[in-house]
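See structure below.
Just so you know, these numbers use all the heavy atoms, side chains as well, and skip hydrogens, waters and symmetry mates. The structure displayed is predicted, hence computed values, not measured ones. Residue numbering restarts at 1 for every chain, and letters A, B, ... go by the order of the sequence lines.
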Number of protein chains: 2
Amino acid sequence: MTTLSTAGQVLRCFSARRQELTVTEVAELLSLPKSNVSRLLRAMREAGFLESVPDSRGYRPGILMFELGHSYRRDSALVARAHAAVGRVSRQFGHSGYVSLRDGGDVIGLTFHEGSRMLRVGTPVGQRLPAFAAASGRSLLARLPDEEVRRLYPAPLAPPSPNAPQDMAELLARLDAVRREGFATACDESNPGVGSIAVAVGGRQPGEDACLCIVYPLSLVDGTERERMVAALLAEAREIQARPGAVAPERAGLRSAAA
Amino acid sequence: MTTLSTAGQVLRCFSARRQELTVTEVAELLSLPKSNVSRLLRAMREAGFLESVPDSRGYRPGILMFELGHSYRRDSALVARAHAAVGRVSRQFGHSGYVSLRDGGDVIGLTFHEGSRMLRVGTPVGQRLPAFAAASGRSLLARLPDEEVRRLYPAPLAPPSPNAPQDMAELLARLDAVRREGFATACDESNPGVGSIAVAVGGRQPGEDACLCIVYPLSLVDGTERERMVAALLAEAREIQARPGAVAPERAGLRSAAA
DNA sequence: ACCGTTGTTCCACTTATTGGAACCGCCCAT
DNA sequence: ATGGGCGGTTCCAATAAGTGGAACAACGGT
């Protein structure tokens with residue numbers, strides 16, 4: 001193991017839940033000697049990857065991570081168009097929408113358009129979910145051959161709810177349905193009370209796909225509205241696929257703030 | 001030099017301008033042999049710090065950076081209160097506002113509240129500016145002793161505009177004024193056409209300070225409005241300082257999206 | 001003041017990193 | 001077509017790092 005890959009493992013220990021970690025916690029999570037972890041975390045702090053939390057022994061990701069995170073794919077044409085498309089559907093129905101990407105067996109929210117109804121789903125930006133247990137994730141997984149999906153989940157699936165696929169066979173069956181129908185849906189899977197509809201759009205390379213997803217409170221949406229949202233998302237995705245090089249979306253205001 | 005600190009240097013080569021870098025570019029920027037850079041970038045990709053850009057030789061920061069960046073200080077009470085306070089002043093006057101932090105001799109935008117006027121200043125979130133040439137930066141620098149400010153800028157200042165401090169003496173004089181008056185201002189410094197007013201609030205530790213900043217188009221604001229904005233910001237900052245442990249701001253909607 | 005916990009330092013051992021030079025592959029100009 | 005030129009990779013011995021068990025130090029709590 002190189003120092004660099006261990007450092008990567010350390011960073012993966014952080015999440016929205018775990019915003020702060022100590023030497024002992026990291027040592028246990030990664031099964032490493034405390035001595036190594038102690039030096040590694042200090043070295044990562046010196047290098048800017050981490051910072052010490054004041055009045056605490058803990059470490060947290062450094063401001064360098066924050067800075068880098070905020071220009072991620074800022075000028076990707078595909079993401080920009082997907083974001084604009086999601087925004088249109090979101091405005092039309094009043095439900096929140098977002099664009100997400102796949103990273104291995106997970107999906108991560110990339111951009112968000114907040115819904116306009118009083119009861120609305122909040123932002124998933126920067127959050128990681130298991131792809132197999134999310135509409136957005138399955139819409140992206142469906143673009144891979146079954147064989148590759150199997151490789152992404154070598155261990156048995158750990159479904160977060162009874163509505164999620166319970167094993168590989170069920171997952172593959174649902175992916176097949178996504179391939180036939182062109183969209184994926186989920187109800188009460190990774191997030192209780194939330195339903196979602198997702199359509200993937202392709203980049204030039206496989207693995208460079210993005211996903212358009214609308215999320216809504218289950219209590220608010222009936223079959224008719226759901227079908228209209230599916231149709232709207234499919235139409236937007238078709239438009240993106242049909243004309244790969246089309247216009248980027250507008251940006252309002254002066255470009256960047258002063259101080 | 002350890003691998004880790006070199007990796008940190010590599011990441012610092014990226015910015016809003018430079019979203020993608022090749023082996024040769026990094027080798028020149030850091031004055032390192034191409035052989036090392038070639039291996040390092042590959043190792044950083046394997047570890048998740050970077051990803052290869054499709055149809056290009058280039059590398060860009062990886063999705064791991066994006067993920068980590070989005071939970072940075074998400075649950076800091078100081079930042080949350082500062083953000084809420086900036087939001088109130090921003091709404092009152094219609095101009096954009098933001099919260100920023102100092103990192104060495106730079107400031108970085110952390111949260112943003114968009115203005116409501118047709119002409120408004122855009123987001124600085126995740127962007128790095130030289131602290132000495134920004135109102136937000138000077139409000140934070142003013143909390144340090146002169147001696148430490150000198151240490152932060154060992155080389156002669158490189159002012160981005162004639163309105164910025166041209167040398168260390170002028171900077172220290174302006175910091176002194178900030179300490180007396182309690183706020184900092186800037187016009188046409190790092191961003192042309194933009195004026196700004198900034199007030200710092202303190203964390204428990206020095207260096208853990210945050211800055212409340214209002215930014216406006218110079219063409220829209222006269223002396224009277226400016227003074228009222230200064231007063232509003234000062235009042236908010238006083239409130240934060242007076243009651244360090246007070247309430248966090250509201251968050252709307254269901255907490256996190258499903259998929 | 002003591003104990004348990006957490007983090008750091010030490011040191012011999014092992015392994016990775018370094019950087020010059022040679023090499024590969026691609027694109028462009030002749 | 002062919003020979004640069006350029007960007008990137010690979011090779012290798014010298015060098016500098018990382019490793020982990022154990023002893024040690026620093027806190028916090030009772």
Of the nucleotides dT19(D), dT18(C), dG7(D), which has the atom closest to the Arg57(B) side chain? dG7(D)
May I have the distance from Arg42(B) (atom CZ) to dC11(D) (atom P), rounded to whole angstrom? 10 Å
With the threshold set at 4.0 Å, does a side-chain nitrogen-carboxylate oxygen contact exist between Glu20(A) and Arg57(A)? no
With heavy-atom distances below 4.5 Å as the criterion, would you say the side chains of Phe132(A) and Leu175(A) are in contact? no
Under 3.5 Å, is there an N or O donor on one side and an acceptor on the other linking the side chain of Ser35(A) and the base of dG20(D)? yes
Would you mind telling me which of dT6(C), dG8(D), dG19(C) lies closest to the side-chain atoms of Thr24(A)? dT6(C)
Nucleotide dG18(D), atom P - distance to CD of Glu46(A) in whole Å: 13 Å
Determine the contact category for Thr22(A): base if any of its heavy atoms lies under 4.0 Å from a base atom, sugar-phosphate if only primed atoms, P, OP1 or OP2 are that close, otherwise nothing. sugar-phosphate
Derivation and outcome, salt bridge (Lys or Arg N to Asp or Glu O under 4.0 Å), residues Arg128(B) and Glu67(A): CA-CA 8 Å; Arg128(B) 193 175 278 268; Glu67(A) 191 187 348; 2.6 Å; yes
If you measure from the Lys or Arg side-chain nitrogens to the Asp or Glu carboxylate oxygens, is any gap between Arg138(A) and Glu189(A) under 4.0 Å? yes
Measure the distance from OH on Tyr59(A) to P on dT6(C) and round it to the nearest whole Å. 16 Å
Provide, to the nearest angstrom, the distance between the CG atom belonging to Asn36(B) and the P atom belonging to dG20(C). 9 Å
For Leu41(B) and dT9(D), give me the distance from atom CG to atom C1', rounded to whole Å. 12 Å
Please give, in whole Å, the distance from dC10(C) P to Lys34(A) NZ? 17 Å
Measure the distance from CG on Leu30(A) to C1' on dT19(D) and round it to the nearest whole Å. 15 Å
Under 4.0 Å between a Lys/Arg side-chain N and an Asp/Glu carboxylate O for Arg179(A) and Asp146(A)? yes
Between dT17(C), dG8(D), dT8(C), which nucleotide gets closest to the side-chain atoms of Thr3(B)? dT17(C)
Roughly how many Å is it from CG in Leu32(A) to P in dG21(D), rounded to a whole number? 11 Å
Can you find a donor-acceptor N/O pair under 3.5 angstrom joining the side chain of Arg39(A) to the base of dG20(D)? yes
